[in-house]
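Read the structure below first, then the notes.
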Amino acid sequence: MEKFIVKGKTALSGRVKISGSKNSAVAILPAAVLTANTVQIDNLPDITDVRTMISILENLGVNIRRRGVDAVDLTPGSLSKVAPAYDLVKKMRASYYFMGSLLARFGQAEVPIPGGCDLGPRPIDQHLKGFSALGAKINIEHGMITLTAEKLTGARIYLDVVSIGATVNLMLAAAAAEGKTVLENVAKEPEIVDLANFLNAMGASIRGAGTDVIRIEGVKKFNSARHTVIPDRIEAGTFMLAAASTGGAVTVEDVIPKHLEAITAKLRETGAKVILAPETIRVEADTPLSPSDLKTFPYPGFPTDLQPPAMVLLTAAKGLSVVTENVFDGRFNHVDELKRMGAHIKVEGRTALIEGGYPLTGAPVTAPDLRSGAALIIAALAAEGDSEISAVDHVDRGYDHFEGKLISLGASINRVHDKGFENRAGNLD
Ligand code: EPZ
């Protein structure tokens with residue numbers, strides 16, 4: 001594992017280019033196996049999860065041609081296996097998207113049950129309910145999920161829970177199912193729309209992505225396509241919150257401001273200045289911040305993935321802020337680490353009370369997962385004194401050259417190998 005040594009009291013300033021969306025890329029890459037023809041994907045983020053996903057594709061027999069760090073050509077013509085490599089799949093939860101895409105291509109898929117992880121229980125009952133409705137037989141034993149379908153047939157499926165993963169997986173399977181599928185109460189995230197655009201470019205017939213109801217007419221054949229992944233709204237929001245948390249002034253470039261409305265509104269509520277332009281957003285926070293209550297919800301609500309960095313911002317706002325985490329049961333792992341840095345936070349179930357205005361102080365802390373890790377790095381930049389942040393490999397999974405981008409904004413961060421650290425947490429996110 002690796003750790004960061006971070007110098008505190010740094011107001012970030014400058015401009016930073018945002019990379020392609022991790023959560024879009026990890027859905028689009030498995031989707032490529034629907035066709036035997038070549039698909040070209042551009043604007044991929046240079047992160048561990050994308051490299052792992054490409055290794056899984058290679059192991060399945062997909063022909064890979066890298067075009068620089070952010071582009072890849074995939075030709076799944078010679079795809080033979082229906083069971084992605086166990087050791088690779090266990091590294092990332094999103095590899096369960098091969099259930100939907102391999103089922104659609106071959107009528108068969110075999111993947112390990114995705115483990116629980118630091119965000120609390122993460123069941124996949126809605127995925128499995130949908131696959132059954134489409135005609136798949138599901139067998140779960142020895143920790144493996146095996147799906148088989150003589151034929152996939154369109155169905156009407158109502159999700160009991162708004163789930164990004166289930167929406168992605170069922171879109172992938174339904175795209176090749178015979179007849180019409182109607183998916184209701186689905187996720188409306190921009191990454192869902194991005195995937196639908198990619199699938200339609202390959203010849204799918206998907207309408208309504210971005211609304212509660214997605215209508216899919218199955219097709220038999222998928223062709224070549226070229227697709228540019230949308231910008232990562234979570235990376236952009238992380239830098240916007242980092243600018244405000246450190247009292248800096250940062251412009252994020254190559255973003256879609258529409259995807260960041262909830263973050264923009266929340267920042268303005270705390271008194272930060274947010275200036276919008278067609279493809280950039282500038283955040284300036286040179287005045288004291290005010291407390292603000294925050295509730296996470298599926299899109300277009302405030303994203304749960306930005307709740308940890310937003311909590312760091314609220315520790316700097318003098319007064320009481322209430323954070324309610326409505327998406328996951330256990331997404332407050334960053335709280336104990338922030339308290340080691342002097343934050344005054346009390347957690348009751350899904351609610352955290354933040355008493356802001358107490359300056360943070362540098363301390364040795366450990367990143368429990370991807371977004372908590374980013375939050376701790378922001379806290380270390382805002383704190384008095386230096387901090388050591390262990391297990392930053394979590395952060396590498398979802399942020400493209402995070403320390404390099406922060407250093408270009410004035411941060412002082414050193415990455416060192418962490419000999420003493422046992423990798424406590426799994427890598428599932
Ligand atoms: C996606 O995870 C994201 N991951 C997560 O981002 C994100 O936090 C999450 O959506 C919520 O926005 C990717 O896109 C790869 P869900 P996912 O299914 O699909 C419950 C990051 O940091 N649920 O939308 O696993 C579930 O327990 C990661 O980039 C069921 O009950 O999330 C949760 O409470 C972390 N049954 C809620 O729904 C199911 O079958 C939302 O989960 C599926 C989900």
Side-chain angles (χ1 to χ4, degrees), residues 12 18 23 118-119 189 232-248 250 252 255 257 259-274 281 283-285 288-328 330-339 341-348 350-358 360 365 367-383 395 398-399 402 406 429:
L12 296 176
I18 298 303
N23 290 346
D118 286 336
L119 309 181
E189 273 71 5
D232 193 318
R233 62 194 170 94
I234 304 301
E235 183 195 19
T238 303
F239 278 102
M240 291 165 68
L241 291 161
S245 304
T246 58
V250 171
V252 290
V255 298
H259 293 170
L260 287 147
E261 286 179 339
I263 293 88
T264 297
K266 191 50 66 183
L267 279 168
R268 284 174 169 162
E269 268 176 44
T270 64
K273 215 165 129 198
V274 183
I281 299 180
V283 176
E284 295 172 1
L289 297 169
S290 312
S292 169
D293 294 345
L294 188 146
K295 293 178 172 56
T296 66
F297 276 109
Y299 192 86
F302 193 94
T304 173
D305 292 346
L306 288 174
Q307 179 260 103
M311 195 179 277
V312 177
L313 174 75
L314 297 173
T315 65
K318 194 169 173 46
L320 195 58
S321 296
V322 181
V323 171
T324 311
E325 173 52 64
N326 290 311
V327 177
F328 286 110
R331 194 176 202 159
F332 286 139
N333 297 312
H334 42 293
V335 169
D336 284 347
E337 300 302 300
L338 289 173
K339 287 165 78 169
M341 300 176 81
H344 286 57
I345 304 172
K346 194 169 178 315
V347 171
E348 290 286 332
R350 285 187 171 216
T351 301
L353 302 175
I354 293 106
E355 203 184 339
Y358 297 86
L360 299 180
V365 291
D369 60 59
L370 165 58
R371 306 301 177 184
S372 302
L376 293 173
I377 293 164
I378 296 170
L381 290 167
V395 177
Y399 287 96
F402 196 46
L406 288 168
D429 227 358

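As the structure is a prediction and not an experimental result, all values here were calculated from the model.
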* Structure fact -> Between Pro300 and Ala262 the two heavy atoms that sit nearest each other are O-CB, 3.9 Å
* So, for Ile18 and Val255, which heavy atoms are closest and what is the spacing to 0.1 Å? -> CG1-CG1, 3.6 Å
* Asked: If you measure from CD1 on Ile345 to CG on Asp336, what distance do you get to the nearest 0.5 Å?
  -> 9.0 Å
* To do: Evaluate the side-chain contact (heavy atoms from CB on, under 4.5 Å) criterion for residues Ile234 and Arg371: first the C-alpha distance (whole Å), next the side-chain angles of each, then the deciding distance (0.1 Å), finally the verdict.
  => CA-CA 9 Å; Ile234 304 301; Arg371 306 301 177 184; 3.3 Å; yes
* **Closest non-hydrogen atom pair, Arg268 against Val274** => NH2-O, 2.7 Å
* Mind jotting down which residue pairs meet the side chain to side chain donor-acceptor pair (under 3.5 Å) criterion with at least one end in residues 237-247? Sequence neighbours excluded, please. => Thr238-Tyr399
* **Distance, nearest 0.5 Å, that separates CZ of Arg331 from CG of Leu119** => 5.0 Å
* Check the pair Gln307 / Phe332 against side-chain contact (heavy atoms from CB on, under 4.5 Å), numbers first and verdict last. => CA-CA 9 Å; Gln307 179 260 103; Phe332 286 139; 3.7 Å; yes
* Asked: What class does the angle between the rings of Tyr299 and His259 fall in, given that below 30° is parallel, 30 to 60° is tilted and above 60° is perpendicular?
  -> perpendicular
* **Any Arg233 side-chain heavy atom under 4.5 Å of Asn23 side chain** => no
* Atom pair CG (Leu360) and NZ (Lys339), whose distance is rounded to the nearest 0.5 Å -> 13.5 Å
* Under 3.5 Å, is there a donor-acceptor pair between the side chain of Glu348 and the main chain of Thr351? -> no
* Give a yes or no on whether the backbone of Ala367 and the side-chain of Ser372 come within a donor-acceptor separation of less than 3.5 Å. => no
* Take Ile378 and Met311, measure what side-chain contact (heavy atoms from CB on, under 4.5 Å) needs, and give me the verdict at the end. => CA-CA 10 Å; Ile378 296 170; Met311 195 179 277; over 6 Å; no
* Structure fact -> Closest non-hydrogen atoms of Thr296 and Val327, given as atom of the first, atom of the second and distance, are OG1-N, 3.7 Å
* What pair of heavy atoms forms the shortest contact from Val312 to Ala375, and how long is it? -> CG2-O, 3.4 Å
